[in-house]
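Everything on this sheet refers to the single structure shown next.
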Amino acid sequence: MHACASGSRESVKESIELDELQAIAQLVRRGVGVALLPLSKALTLPRGVVAKDLGDATFYREIGLVERPSDSRQPIAALLAQRIAEAAERLRPTP
């Protein structure tokens with residue numbers, strides 16, 4: 001997702017890195033710049049900030065699961081691994 005202030009045509013002069021999506025969106029709203037943000041149900045875009053589809057330039061974040069060997073896996077870890085794999089299959093882009 002690309003968030004930018006409505007009607008803004010400013011060029012990017014500097015970059016910063018933040019972890020909090022809502023804080024990034026607020027900085028965009030205040031005119032600090034533009035941001036590329038991951039899609040998230042937790043993110044509510046403030047008034048005056050719009051999301052733009054990146055189209056063919058869309059990219060995807062890779063995640064991984066680090067765990068002990070399967071012979072020592074706890075049931076909750078096995079369930080988490082299964083749910084991550086299921087979600088990845090559902091969300092896998094079609095060629």
Q. Below 4.5 Å, heavy atoms only, C-beta onward: do Asp19 and Ile24 meet side chain to side chain?
A. no

(Q) So which atom in Ala25 and which in Val49 form the shortest heavy-atom distance, rounded to 0.1 Å? (A) O-CG2, 3.9 Å

Q: First locate atom CG of Leu21, then atom CG of Leu45, and finally report the distance between them rounded to the nearest 0.5 Å.
A: 10.0 Å

Q) With sequence neighbours excluded, what pairs up with Glu20 under the side chain to side chain donor-acceptor pair (under 3.5 Å) test? A) none

Q. Are the side chain of Gln22 and the backbone N or O of Leu43 linked by a donor-acceptor pair below 3.5 Å?
A. no

Q) Under 6.0 Å from the CD1 atom of Ile76, do we count more than 12 heavy atoms belonging to anything else shown? A) no

Q: Flag the pair Leu54 / Leu36 as yes when at least one side-chain heavy-atom distance between them is below 4.5 Å, and no otherwise.
A: yes

